Amino acid sequence: NAKDLGKNQISFFSNELNEKVEHYFELKNHLDLAIKHGEFRLYFQPKVDLLANKICAAEALIRWIKADGTLVAPDNFIPVAEDTKQIIPIGQWVIETAIQQLKDWQDTEFKDLSLSINVSAIQLYDESFLPHLKSNLASSGINPAQLEIEITETAVITDTETAVKILYELKKLDVMLSLDDFGTGYSSLSYLRLLPVDILKIDRSFIASAKEGNVSNKILASIIALARDLAIDVVAEGVEDETHLNLLLAHQCQLGQGYYFSRPLPLAQFSELALDLSLH
Ligand code: C2E
Ligand code: MG
Ligand code: MG
Ligand code: MG
């Protein structure tokens, strides 16, 4: 009867909830150990100059390599790390490692390569963010204009006024600012007006659904044209095949990123690819 059904439903939900809570705390504890034992790595995905067919930049994407060799993708731990604030030490590690990498590249064969890192809202709003970045840039001696900070619109939404202030402070460090997953938020266009954006990364959903003459393709063309008018660089995300590439070339989109060129790679493999592609 109804009463039994209700009971069952309650216990069903609380079991599911219990499992979620257990998983959450287990992950939180594992992340503490991962931070302590240095189990994070940066993978690198090239950004390609579509016209010159050359790698001109890379995006650093975090991976968690567990002791047993299992690779954990960021979507499986970044949301919890944000919730627990563990993203602060993890994000600091990303900044330090990326700056060290840029320094290595600038001292050796990839002098002109830029490197981008992804920064979550929690990191951006944390008071340690700007001073930490500033002191690491200063002591590294790298050209700060070769470091790009990628933020998403959702990072700006919670408190736009504060975000605008922080981003202008960030620009004083002479780093590049990139708006990631552009077009997926609710007020993408007003952010272009409010924020000191240097680079716009068009979300891959636009490229995925674009076809000759359809609405996605027209939006894609308009974003590219608008960015050109505003003197903002455009990167198309999610270039997966030659059809995508040809669509972008038709719109005179200069930069692209996607599996068609390369997946994110560990450092050694990325270097090999970058050496190859800079020879052409
Ligand atoms: P994102 O910054 O938008 O990065 C692009 C994601 O799309 C990456 O997933 C990349 O591997 C994937 N991707 C690249 N090309 C293609 C393609 O052609 N097709 C498809 N289907 N996917 C493609 P990944 O590495 O799993 O990262 C997911 C998200 O995790 C990132 O999205 C970023 O928001 C976040 N993330 C990654 N690294 C960090 C980090 O160091 N710190 C923070 N706070 N977030 C990070
Ligand atoms: Mg990104
Ligand atoms: Mg993106
Ligand atoms: Mg994303």
Side-chain angles (χ1 to χ4, degrees), residues 31 34-35 39-48 50 55 57-65 71-101 114-126 128-129 132-133 147-156 176-185 188 197-210 223 233-245 247-248 253 255-267 269-270 273:
L31 280 173
I35 294 167
E39 293 182 348
F40 299 107
R41 295 290 174 272
L42 291 183
Y43 274 36
F44 301 90
Q45 189 182 33
K47 286 182 195 162
V48 176
L50 301 177
I55 294 179
E59 176 173 7
L61 294 154
I62 198 169
R63 301 287 181 265
W64 172 14
I65 319 274
L71 189 150
V72 189
D75 289 339
N76 295 320
F77 68 91
I78 294 283
V80 170
E82 289 175 343
D83 200 52
T84 59
K85 298 264 174 127
Q86 287 164 310
I87 193 66
I88 304 297
I90 295 173
Q92 290 183 343
W93 176 85
V94 171
I95 288 173
E96 289 157 21
T97 310
I99 287 177
Q100 184 56 51
Q101 191 55 60
S114 292
L115 182 61
S116 69
I117 55 171
N118 294 280
V119 169
S120 309
I122 303 284
Q123 285 174 270
L124 188 73
Y125 291 110
D126 191 78
S128 70
F129 175 66
H132 174 265
L133 179 61
L147 182 69
E148 292 171 16
I149 308 290
E150 298 194 4
I151 57 149
T152 58
E153 290 167 33
T154 43
V156 180
M176 293 291 137
L177 183 64
S178 175
L179 205 48
D180 205 351
D181 303 348
F182 184 79
T184 54
S188 308
V197 176
D198 302 293
I199 302 150
L200 200 156
K201 299 187 74 176
I202 306 177
D203 190 71
R204 68 177 145 85
S205 57
F206 289 102
I207 287 84
S209 52
I223 297 176
D233 283 345
V234 188
V235 182
E237 300 191 276
V239 185
E240 291 187 346
D241 54 39
E242 213 167 336
T243 317
H244 291 163
L245 176 62
L247 272 180
L248 293 167
C253 180
L255 303 167
Q257 201 179 358
Y259 295 166
Y260 179 66
F261 304 109
S262 170
R263 288 182 177 257
L265 300 170
L267 179 64
Q269 279 165 262
F270 174 80
L273 183 75

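Computed from a prediction, not measured in an experiment: that's the story for all the values here. First listed ligand is number 1; within each ligand, the first listed atom is number 1.
The backbone N or O of Gln257 lies less than 3.5 Å from no partner atom in the side chain of Glu237, so there is not a single donor-acceptor pair.
Considering backbone and side-chain atoms alike, Val119 places every N or O at 3.5 Å or more from each N or O of ligand 1. Between Asp180 and ligand 1, an N or O atom pair is found at a separation short of 3.5 Å.
Contacts of Leu42 with ligand 1, taken as heavy-atom pairs under 4.0 Å, are absent altogether. Within the 4.0 Å heavy-atom criterion, both parts of Ser120, backbone and side chain, lie near ligand 1. Within the 4.0 Å heavy-atom criterion, neither part of Gln257 lies near ligand 1. If you look at Val239 next to ligand 1, the close heavy atoms, those under 4.0 Å, all belong to the backbone. Of all the heavy atoms of Asn118, the ones lying under 4.0 Å from any atom of ligand 1 are found in both the backbone and the side chain.
Asp233 meets the side chain to side chain donor-acceptor pair (under 3.5 Å) test with no other residue; sequence neighbours excluded. Remark: Glu153 engages no residue in a salt bridge (charged side-chain N to carboxylate O under 4.0 Å, His left out) (not counting sequence neighbours).
The Mg ion (ligand 3) lies closest to atom OE2 when only the N/O/S atoms of Glu237 are considered. No other N/O/S atom of Asp180 lies as close to the Mg ion (ligand 3) as OD1 does. Closest N/O/S atom of Glu150 to the Mg ion (ligand 2): OE1. Distances from the Mg ion (ligand 3) to the N/O/S atoms of Asp181 are shortest for OD1.
Contact between Gln45 and ligand 1 is present, with at least one heavy atom of the residue lying under 4.0 Å from the ligand. Proximity of Glu82 to ligand 1 is not established, as no heavy-atom distance is less than 4.0 Å. Taking 4.0 Å as the cut-off, Gly91 does not count as a neighbour of ligand 1 on heavy-atom distance. Not a single heavy atom of Arg263 sits under 4.0 Å from any atom of ligand 1. For the pair Ile117 and ligand 1, no heavy-atom separation below 4.0 Å is found. The closest approach between any non-hydrogen atom of Lys201 and ligand 1 is not below 4.0 Å.
Residue Gln123 has at least one heavy-atom neighbour below 4.0 Å for each of these atoms of ligand 1: 44 (N). The atoms of ligand 1 that sit less than 4.0 Å from any heavy atom of Glu59 are 2 (O), 4 (O). Heavy-atom proximity to Asp75, at under 4.0 Å, picks out these atoms of ligand 1: 28 (C), 29 (C), 30 (O). Numbered from 1 in the order shown, with element, the atoms of ligand 1 that lie under 4.0 Å from a heavy atom of Pro264 read 11 (O).
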Please assess Ile149 against Leu133 for the test side-chain contact (heavy atoms from CB on, under 4.5 Å), listing each intermediate value before the final yes or no. CA-CA 11 Å; Ile149 308 290; Leu133 179 61; 4.3 Å; yes

Show, in sequence, the C-alpha distance, side-chain angles and deciding distance for Phe77 and Arg63, and conclude whether the side-chain contact (heavy atoms from CB on, under 4.5 Å) test is met. CA-CA 10 Å; Phe77 68 91; Arg63 301 287 181 265; over 6 Å; no

Glu148 and Lys47: CA distance, side-chain angles, deciding distance, salt bridge (Lys or Arg N to Asp or Glu O under 4.0 Å) verdict: CA-CA 12 Å; Glu148 292 171 16; Lys47 286 182 195 162; 2.7 Å; yes

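Looking at Tyr259, Phe77, Trp93 and measuring to atom 22 (N) of ligand 1, the nearest heavy atom belongs to Tyr259. Comparing Pro74, Gly258, Ala155, Ser116 by heavy-atom distance to atom 24 (P) of ligand 1, the nearest is Pro74.
Screening Leu31, Thr97, Val72, Val94 for a side-chain contact (heavy atoms from CB on, under 4.5 Å) with Phe40, the sole residue that qualifies is Leu31.
You'll find the side chain of Ile202 reaches within 4.5 Å of the side chain of Ile207, heavy atoms only. At a threshold of 4.5 Å between non-hydrogen side-chain atoms, the residues Phe261 and Ile55 do not count as touching.
Note that CD1 of Ile65 is 4.0 Å distant from OH of Tyr43, once rounded to the nearest 0.5 Å.
Annotation: angle subtended at the Mg ion (ligand 2) by Asn118 OD1 and Glu59 OE2 is 90°, to 10°.
Side-chain atoms of Glu82 and Ser120 include a donor-acceptor pair closer than 3.5 Å.
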